[in-house]
Amino acid sequence: MEKIKMNPIVEMDGDEMTRILWKEIKDRLLTPFVELNTEYYDLGLPHRDETGDQVTIDAGNAIKRLHVGVKCATITPNAQRVEEYHLHEMWKSPNGTIRAILDGTVFRAPILTGMIPAYVSGWKKPITIARHAYGDLYKATEYRVPCPGTATLSFRGTDGTEFSKTIYEFECPGVLQGLYNKDSSIESFARSCFSYALTTKQDLWFSAKDTISKQYDQTFKLIFQRIFDEDYKAEFEKAGITYFYTLIDDAVARVMRSEGGFIWACKNYDGDVMSDMISAAFGSLAMMTSVLVSPDGNFEYEAAHGTITRHYYRFLKGEQTSSNPVATIFAWTGALRKRGELDGNAPLVTFADKLDAACIATIRSGTMTGDLACLCGKTGVTSVAFLDAVRATLEKSL
C-alpha cells in the first residue's frame with residue numbers, strides 16, 4: 001500500500017529501555033505504513049545535559065507551533081543519576097518543563113483489553129485522571145535548613161501590598177519547601193476538565209483538601225465552582241452529566257466503591273500518584289494513555305510510565321526483555337490521530353484506530369508481554385515478538 005502522508009508533529013526521544021522500544025515501534029509499526037513527518041528533539045538525558053536542558057524548552061515551544069507532539073519516557077535525575085551520567089547539574093523533570101510551557105491538563109486513562117480483571121472488583125469502566133500540569137511540588141523552591149532560625153513566608157506586591165508570616169521557629173536543622181500556583185493556570189485547568197467531560201459525556205469529580213489548606217486548595221475549589229456555575233452548568237445539565245467537589249480522602253473512598261466511568265480531576269502531585277494507582281489497579285502501568293491538553297489547542301501524547309530501567313540494564317547485557325510497549329504505541333497513535341483530526345486527514349486517523357485495535361486484538365489472542373502474561377496465567381513473549389505479532393494483525397486489517 002502507498003504510505004500515508006502527514007503534516008509534521010514534534011517527536012521527543014527519551015531514555016533507556018523506552019528509547020530502544022521507541023525505535024522498534026517506528027521501524028516495525030509506523031514507517032512501513034506512514035510517511036512519518038516529525039520535527040525531532042533528543043530528550044535523552046546525555047543530550048539534555050549537553051544543551052543545558054535547552055532542548056527540552058525548544059521541544060515545548062515546538063509543540064506550541066505545530067500543536068501536536070509525541071514524547072518518549074525520560075529520566076528525571078536524582079543524585080544517583082547525576083553520578084551515573086556525570087551530569088553538570090540535577091536537571092528538573094522534562095515533563096514538568098514542557099507542561100509549564102504548555103500550561104495544560106494531563107488526562108490519563110487505562111487501556112482495557114477484557115483479558116485482565118481489575119484489582120478493584122467493582123471497577124467495570126475506565127477511570128480517567130485529569131491532572132493539573134502546572135506548579136505545586138514540581139516547581140517548588142526548597143531549602144535545607146542548616147541550623148536553628150526563623151523561617152518566614154513573605155510577599156511584596158507591585159501595588160505596595162506586603163505580607164509576612166512566620167512559618168516555623170527552627171530549634172534544629174530541618175527542611176523548607178515553598179509551593180505556588182496562579183489563578184490563570186487553575187482557570188485553564190478547570191476549563192480543560194469541563195470541556196473534556198462534555199466531549200466524553202462523563203461525570204467530573206474534583207478533589208483537594210480545602211479544610212486543611214484554607215487558602216491554597218480553597219482557591220482551586222472556588223475557581224472550579226465559579227467557572228462551572230458561569231459557563232458550564234447548563235451544558236452539563238443538557239448533556240446529563242454532573243460535576244461535584246469533594247475532599248480528596250472522601251474521593252478516594254468513593255472511587256474505590258464506584259464502577260468507574262468518570263473523570264477524576266486532581267492537583268498536580270495528587271494526579272501523579274492517583275494515575276499510577278489507577279493504572280496498576282487496572283492491570284499494568286504500561287497500559288495507560290496520557291495526553292496533555294492545553295487551553296489554546298496543543299496536545300502532547302506520552303506513556304504514563306517511566307524508562308523501564310531494570311529491563312534496560314538487562315538489555316545492555318545482551319538479554320532479551322519482555323517490556324510492554326503498548327502505552328508507547330498508544331502515545332504514537334494518539335498523536336497521529338490528533339494530527340489527522342486537525343488536518344482532516346482521514347487515512348491517518350483510520351491507521352491510528354487500526355493500530356490501536358491490532359494491539360488489543362493481539363493481547364486478546366493470547367500474545368502479550370510478561371507483565372500481562374503473569375496476570376493471565378500465560379507465558380509472555382519478548383517485546384520484539386509482541387511488536388511483530390501486532391504488525392501481523394495490523395497488516396490483515398489494512
Side-chain angles (χ1 to χ4, degrees), residues 14-26 28-29 70-76 95 106 108-121 123-129 260 272-291 301-334 355-394:
D15 288 298
E16 298 187 322
M17 199 64 220
T18 45
R19 187 182 182 97
I20 305 300
L21 293 174
W22 192 260
K23 184 178 185 304
E24 294 288 356
I25 290 167
K26 288 174 63 178
R28 295 170 188 272
L29 299 179
V70 58
K71 179 182 172 296
C72 182
T74 48
I75 294 170
T76 299
N95 289 341
V106 178
R108 290 180 170 174
I111 302 166
L112 303 187
T113 65
M115 293 285 292
I116 304 161
Y119 281 93
V120 181
S121 60
W123 289 357
K124 307 301 180 186
K125 303 174 185 177
I127 298 170
T128 300
I129 295 291
D272 192 2
V273 174
M274 297 307 172
S275 64
D276 278 6
M277 184 269 289
I278 294 292
S279 62
F282 272 107
S284 172
L285 289 171
M287 299 291 288
M288 193 86 165
T289 63
S290 181
V291 55
Y301 295 82
E302 62 180 340
H305 59 73
T307 57
I308 324 178
T309 305
R310 181 171 55 87
H311 285 195
Y312 181 62
Y313 291 153
R314 289 172 51 194
F315 173 83
L316 292 178
K317 295 177 181 178
E319 298 179 28
Q320 288 287 326
T321 68
S322 188
S323 312
N324 189 337
V326 171
T328 304
I329 296 171
F330 272 58
W332 271 105
T333 57
L355 180 48
D356 280 358
C359 289
I360 302 301
T362 300
I363 293 170
R364 286 178 175 169
S365 73
T367 301
M368 60 192 76
T369 48
D371 60 321
L372 302 183
C374 68
L375 300 174
C376 299
K378 297 183 179 294
T379 301
V381 300
T382 65
S383 304
V384 170
F386 178 77
L387 292 174
D388 285 342
V390 171
R391 175 165 176 171
T393 305
L394 175 65

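Numbering of residues begins at 1 and proceeds along the displayed sequence. Just the heavy atoms: all of them, side chains too, but no hydrogens, waters or symmetry mates, feed the values below.
- Scanning all heavy atoms of the two residues, the minimum distance from T128 to A109 falls at OG1-CB, 3.6 Å.
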Worked verdict on C72 versus E302 for side-chain contact (heavy atoms from CB on, under 4.5 Å): CA-CA 6 Å; C72 182; E302 62 180 340; over 6 Å; no
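- Side-chain atoms of E24 and P325, non-hydrogen and from C-beta on, never get closer than 4.5 Å to each other.
- With rounding to the nearest 0.5 Å, the separation of CZ in R364 from OG1 in T113 is 6.5 Å.
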Residue pair L112, M287: steps toward the side-chain contact (heavy atoms from CB on, under 4.5 Å) verdict: CA-CA 8 Å; L112 303 187; M287 299 291 288; over 6 Å; no
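- A donor-acceptor contact shorter than 3.5 Å is absent between the side chain of T367 and the backbone of I363.
- Every side chain to side chain contact (heavy atoms under 4.5 Å, CB included) that A385 has, sequence neighbours left out, goes to V381, T382.
- Applying the side-chain hydrogen bond (donor to acceptor under 3.5 Å, both in side chains) criterion to S290, with sequence neighbours excluded, gives R108.
- Residues passing the side-chain hydrogen bond (donor to acceptor under 3.5 Å, both in side chains) test with Y313 are E84, sequence neighbours excluded.
- With sequence neighbours excluded, the residues satisfying side chain to side chain contact (heavy atoms under 4.5 Å, CB included) with D356 are F330, T333, R337.
- Under the 3.5 Å distance criterion, the side-chain polar atoms of D15 are left unmatched by any main-chain donor or acceptor of T307.
- Summarising the geometry, atom CG belonging to L372 is positioned 7.5 Å from atom CZ belonging to F386; distances are rounded to the nearest 0.5 Å.
- Between F282 and A118, the closest heavy-atom pair is CD2-CB, 4.0 Å.
- Listed by first then second residue, pairs satisfying salt bridge (charged side-chain N to carboxylate O under 4.0 Å, His left out) with a partner in residues 377-390 read R28-D388, not counting sequence neighbours.
- Residues W123 and M277 come closest through the heavy atom pair CH2-SD, 4.1 Å.
- Residues D272 and V106 form no side-chain contact, since every pair of their non-hydrogen atoms from C-beta on lies 4.5 Å or further apart.
- Under the rule for a side-chain hydrogen bond (donor to acceptor under 3.5 Å, both in side chains), W332 has no partner lying at least two apart in sequence or in another chain.
- The NZ atom of K317 lies 13.0 Å from the OH atom of Y312; values are rounded to the nearest 0.5 Å.
- Listed by first and then second residue, the salt bridge (charged side-chain N to carboxylate O under 4.0 Å, His left out) pairs involving residues 274-290 amount to none (not counting sequence neighbours).
- The salt bridge (Lys or Arg N to Asp or Glu O under 4.0 Å) check on K125 picks up E259, with sequence neighbours excluded.
- Taking each heavy atom of I278 and P110 in turn, the nearest pair found is CG2-CD, 4.3 Å.
- Take S323 and apply the side chain to side chain contact (heavy atoms under 4.5 Å, CB included) test, not counting sequence neighbours, and it matches M17, L21, I308, H311, T321, S383.
- Distance CD1/I129 to OG/S279: 9.5 Å, rounded to 0.5 Å.
- The side-chain hydrogen bond (donor to acceptor under 3.5 Å, both in side chains) test applied to T393 returns T362, not counting sequence neighbours.
- When all heavy atoms of D371 and A286 are compared, the closest pair comes out as OD2-CB, 4.0 Å.
- Going from atom NZ of K26 over to atom CD1 of I329 covers 14.5 Å, rounded to the nearest 0.5 Å.
- Under the side chain to side chain contact (heavy atoms under 4.5 Å, CB included) criterion, R391 pairs with L29, P32, F33, E395, sequence neighbours left out.
- Atom CG of N324 and atom OG1 of T18 lie 12.5 Å apart (nearest 0.5 Å).
- Taking Y301 as the reference, nothing meets the ring pair (Phe, Tyr, Trp, His ring centres under 6.0 Å) condition, with sequence neighbours excluded.
- In terms of heavy-atom proximity, A73 sits nearest to H305 at CB-O, 3.7 Å.
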